[in-house]
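In what follows, a single structure is set out as structure tokens and then discussed.
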Amino acid sequence: KLLHSEKQWLGERIHRSHHELPYYHVSIDGLGLVASWFAGVAAVASGLAWAGAAPTWLCATGLLTYTFWGLVYEASHFLAHTRVPLVGHFDRVRRH
């Protein structure tokens, strides 16, 4: 709901203009941005495990979960902004 909130927020103008483009605009995050976020999360997870603040298995699970859902987001965003035919729920999401 945040991206389509009634309240003003920092990226509202950018997000709205993204949807108002007269063509399909695929905006997949670049490898540099994705790698930076992954490296940051990996550093935090490793630091927590190294310091004994959390078990290593928990930190690894968190990192894998973060990575998996990040890829799901990127794939969903790609499908939402391409001409790939969608049906049912996914078509409604695209036309939101």
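- Through side-chain heavy atoms spaced under 4.5 Å, either directly or across other Ile, Leu, Val, Met, Phe, Trp or Tyr residues, Val72 is tied to Phe68, Trp69.
- Summarising the hydrophobic clusters (Ile, Leu, Val, Met, Phe, Trp, Tyr; side-chain heavy atoms under 4.5 Å, direct or chained), the residues clustered with Trp50 are none.
- Here the shortest heavy-atom pairing between Phe38 and Tyr66 reads CA-CE2, 4.4 Å.
- Grouping Ile, Leu, Val, Met, Phe, Trp and Tyr residues whose side-chain heavy atoms lie under 4.5 Å apart, directly or via other members, leaves Leu64 alone, with no other cluster members.
- Nearest heavy-atom pair, Leu63 versus Val41, reported as atom, atom and distance to 0.1 Å: CD1-CG1, 3.8 Å.
- Residues Cys59 and Ala45 share a closest heavy-atom pair of SG-O, 3.3 Å.
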